[in-house]
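Working notes for the structure below.
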Amino acid sequence: MKNILFLASEAVPFVKTGGLADVVGSLPKTIDRAYYDCRVMIPKFMCIPWKWREKMEYVTHFYMDYLGQSRYVGVLKYDYEGVCYYFIDNESYFSGDKPYGDWYWDLEKFCFFCYAALSALPLLDFHPDLIHCHDWQTGLVPVLLKDRFAGGEFYRSIRSVITIHNLKFQGVWDVRTIQRFTQLSDYYFTPDKLECKKDGNLLKGGIVYADAVTTVSDTYAEEIKMPFYGEGLDGLLRAREHDLRGIVNGIDYEEWDPETDHFLVRNYNQKNFRKEKAKNKKALQEQYGLNVDPSKMMIGIVSRLTDQKGLDLVQCILDELCRDDIQFVVLGTGDEKYENMFRHFDWKYHDKVSAQIYYSNEASHRIYASCDAYLMPSLFEPCGLSQLIALRYGTIPIVRETGGLKDTVEPYNEYEDRGTGFTFCNYNAHEMLAAIRYAERIYYDRKRDWNKIVDRAMQKDFSWRASALRYQELYDWLIGY
Ligand code: ADP
Ligand code: GLC
């Protein structure tokens, strides 16, 4: 039996701000239990709903010196869907109504988390052979395993992997600050280690010191070796290219299944979507005050509203698009400029555009099921889970060909009768509009062809099955067979 510990800042169903939580909450349960004991450790944020916090069991607590003070570290656990979750408790670090917010505070918070997590391990009945770190919040762990924790017998054999979910966020501040929070010596703050462009950089530490580096799609693994996508780390990623691999994300096929989804007005599957899917659309039109007509093509977005997601392209063309016979539904929160932009379009085209500016899992399920097409014109996209969910719900993605979008959406080819979505290449609003209008033509004028695309989309397998095998191969390679 090999012991794997996932270390991350968020996991479904406890706390989620984006796709990272979906991955950490769904990959461990698909790792083969006959050979791997895969557990997860996250902070015990006070924003985790009480219904979960009240179920957590106390495991142990201790005091740890950190930044010159003795700090409380509690460990709790909870078994969920067969996976053991550990929670690191410290109310002064993990309070607040969101897991992140203030950059400076977040840096200290997650450096503390990394120290606390490693220090807690010998007190658990679980000795990991490998720690699987996710994103900058856990970037310090591979460094500490080679430094502060390298001496002891307990830690010496632990291997580490870091998965980059988003290179945009690296955990950066001036060297003095990062040095203080990481409690590392001057030795680590040179450009071949944690220093990057004169600043301290936690993700860089993880990438330099982890035994292997992965990211969440093949195309993104290639893209980040180039300056445009590399966010200043492309040189390092080129240098580590032999230890870098892309493993595409899957989605939780139990949670995202149009046939059993409790949030839907009408469940459907590959056989009956022609009749049943549109009943969800009609209910959504009623709920959101749109013109009630299930024959109208409805385009959806469920997303963090940030520059990454290509929303400036949408801004450029939404007036033009609203002259077409379509409806547009967006669910998301994020940058105020985008929240207000969608509120404005909702006000201007009230019966055609609906802006739902909040976070709701239930609403997201209904939107994925109700829409005909799903728009994701990202500037960059490490993997993207939304388009995978859309495909499973027979909601045809319209995407820009970047990162995981390129790897998971096959462009429609009407001559060969192939493809699962509509794609465009350049980051250009009118190229996007042309792709949307092509989709509109197929939807309205060639419904049988449209339905064949839906058929193919729903047939695709984006469960974790294949990718979990690739992670297992990586674990075996690092730990030994
Ligand atoms: P990212 O991780 O970059 O935000 P992904 O596509 O990988 O993008 O994952 C986003 C996840 O967050 C999806 O599961 C999506 O449905 C969900 N999501 C985003 N915004 C909202 C929202 N406002 N309400 C509910 N779910 C949301
Ligand atoms: C990040 C990326 C997204 C990816 C997710 C899970 O948030 O932006 O593309 O799907 O992580 O890996």
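Order of appearance sets the numbers: ligands from 1, and atoms from 1 within every ligand.
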On the 0 to 90° scale, with breaks at 30° and 60°, tag the Tyr412-Tyr438 ring pair as parallel, tilted or perpendicular.
tilted
Can the ring centroids of Trp52 and Phe14 be said to lie less than 6.0 angstrom from one another?
yes
Residue, atom and distance of the protein heavy atom nearest atom 24 (N) of ligand 1 read Ser360 N, 3.1 Å
In the protein, what heavy atom is nearest to atom 11 (C) of ligand 1, and what distance, to one decimal place, separates them?
Asp22 OD2, 3.6 Å
Does Gly18 have a non-hydrogen atom less than 4.0 Å from ligand 2?
no
Could an N or O of ligand 2 be found under 3.5 Å from any N or O of Gly19, whether backbone or side chain?
no
Is Gln387 close enough to touch ligand 1? Criterion: a residue heavy atom under 4.0 Å from a ligand atom.
no
Answer side chain, backbone, both or neither: which part of Tyr358 comes under 4.0 Å from ligand 1, heavy atoms only.
backbone
Atom pair OH (Tyr229) and CD1 (Ile224), whose distance is rounded to the nearest 0.5 Å
12.0 Å
Residues Glu241 and Arg238 bridged, charged N to O under 4.0 Å
no
Return the closest protein heavy atom for atom 12 (O) of ligand 1 as residue, atom name and distance.
Lys16 CE, 3.5 Å
Stepwise salt bridge (charged side-chain N to carboxylate O under 4.0 Å, His left out) check, Arg274 with Asp455:
CA-CA 10 Å; Arg274 288 173 184 76; Asp455 238 333; 3.3 Å; yes
Where's the contact between Ala363 and ligand 1, heavy-atom distance under 4.0 Å: side chain, backbone, both or neither?
neither
Can you tell me the protein heavy atom closest to atom 15 (C) of ligand 1 and the distance?
Tyr368 OH, 3.4 Å
Strictly below 4.0 Å, N to O, side chains only: are Asp346 and Arg343 in salt-bridge contact?
no
Atom 5 (P) of ligand 1: closest protein heavy atom, distance to 0.1 Å, is Leu385 N, 3.5 Å
Distance from atom 18 (N) of ligand 1 to nearest protein heavy atom, with residue and atom:
Val302 CG1, 3.9 Å
Report yes if Lys309 has an N/O atom closer than 3.5 Å to an N/O atom of ligand 2; otherwise report no.
no
Over 60° means perpendicular and under 30° means parallel, so tell me whether Tyr268 and Tyr393 are parallel, tilted or perpendicular.
perpendicular
Quick check on contacts: which atoms of ligand 1 are under 4.0 angstrom from a heavy atom of Ser364?
25 (C), 26 (N)
Under 4.0 Å between a Lys/Arg side-chain N and an Asp/Glu carboxylate O for Arg39 and Asp37?
yes
From atom 8 (O) of ligand 1, work out which of His165, Lys309, Arg304 has a heavy atom at the shortest distance.
Lys309
Any heavy atom of Gly384 sitting closer than 4.0 Å to ligand 1?
yes
Has Gln308 got any heavy atom lying under 4.0 angstrom from an atom of ligand 2?
yes
For ligand 2, find out whether one of its N or O atoms is nearer than 3.5 Å to an N or O atom of Val23.
no
Salt-bridge test for Lys337 and Asp312: reply yes if a basic N is under 4.0 Å from a carboxylate O, no otherwise.
no
Look at atom 22 (C) of ligand 1 and say which protein heavy atom is nearest, naming residue and atom and giving the distance to 0.1 Å.
Tyr359 CD1, 3.4 Å
What atoms of ligand 1 come closer than 4.0 angstrom to any heavy atom of Gly18?
2 (O), 4 (O)
Looking only at side chains, do Tyr36 and Asp476 share a donor and an acceptor under 3.5 Å apart?
yes
Using only atom types and a distance under 3.5 Å, with no angle test, would you say the side chain of Arg159 pairs donor to acceptor with the backbone of Asp211?
no
Considering non-hydrogen atoms of the protein only, which is the closest contact for atom 2 (O) of ligand 1, and what is the distance?
Gly19 N, 2.6 Å
Would Arg392 and Tyr253 count as a cation-pi pair here, with the cationic atom under 6.0 angstrom from the ring centre and within 45° of the axis?
yes
Please determine, by modelled atom types, if Lys277 and Thr395 share a side-chain donor-acceptor pair under 3.5 angstrom.
yes
Within reach of ligand 2, part of Asp22 (heavy-atom separation under 4.0 Å)
neither
List the closest protein heavy-atom neighbour of atom 3 (C) of ligand 2: residue, atom name, distance to the nearest 0.1 Å.
Glu381 OE2, 3.4 Å
Taking only heavy atoms of Gly384, which atoms of ligand 2 are found under 4.0 Å from at least one of them?
3 (C), 4 (C), 9 (O), 10 (O)
Would you mind listing which atoms of ligand 1 come within a distance below 4.0 Å of any non-hydrogen atom of Gly332?
23 (N)
For the side chain to side chain contact (heavy atoms under 4.5 Å, CB included) test, which of Val399, Ile398, Val302, Val409 pairs with Met376?
Val399
Does atom NZ (Lys282) have a neighbourhood of more than 12 heavy atoms from anything else shown, all under 6.0 Å?
no
Of all the atoms in ligand 1, which lie at a distance below 4.0 Å from a heavy atom belonging to Ser386?
6 (O), 13 (C), 15 (C)
With a 4.0 Å heavy-atom cut-off (strictly under), which part of Ser303 contacts ligand 1: side chain, backbone, both or neither?
backbone
Near Asn166, which atoms of ligand 2 are under 4.0 Å from a heavy atom of that residue?
8 (O)
Nearest neighbour in protein (non-hydrogen) for atom 2 (C) of ligand 2
His165 O, 3.2 Å
Assess, by modelled atom type and distance only, whether the side chains of Glu255 and His365 contain a donor and an acceptor separated by less than 3.5 Å.
yes
